[in-house]
Amino acid sequence: MTLIGLVFVFQWWHLGRHPALLRIVAPPEAFRRALALAAVGPAVYALTIPLAFVSPSACLVVYVAISAYFAAGPDRKSTRLNSSHITIS
């Protein structure tokens, strides 16, 4: 899980450095926010490795919580793109 999370962080980092890969033009702060939100996953997953040796059930609770965190996603206000950010290709 930690490696998968790191791959997602790398993807956001790469898109932040190469925004032309996207169909929409997003402001740089949107990439920084997405990168920060994605970085939560690998950090939490890395912490659950030693936790699994102490309490496997607590580890499962953390996995459910992090799943809910990612399912909820960022708040719509902070990531909303208006029509001026959309490009037509």
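Counting begins at 1 with the first residue of the sequence. Any value given below was found using the heavy atoms of this structure, including those in side chains, with hydrogens, waters and symmetry copies removed.
In this structure, W13 is a member of the same hydrophobic cluster as L21, with clusters built from ILVMFWY side-chain heavy atoms closer than 4.5 Å. One hydrophobic cluster, built from ILVMFWY side chains closer than 4.5 Å, holds both V62 and F70. Two different hydrophobic clusters hold Y63 and F8 under the rule that ILVMFWY side chains link at heavy-atom gaps under 4.5 Å.
In this structure L6 satisfies the side chain to side chain contact (heavy atoms under 4.5 Å, CB included) test together with T2, L3, P42, sequence neighbours excluded. A38 meets the side chain to side chain contact (heavy atoms under 4.5 Å, CB included) test with V9, W12; sequence neighbours excluded. Residues that satisfy the side chain to side chain contact (heavy atoms under 4.5 Å, CB included) test with V40, not counting sequence neighbours, are V44, I66, Y69.
Of all heavy-atom pairs spanning Y45 and T48, the tightest one is O-OG1, 2.6 Å.
For the atom pair F10 CZ and L15 CG, the distance stands at 9.5 Å (nearest 0.5 Å).
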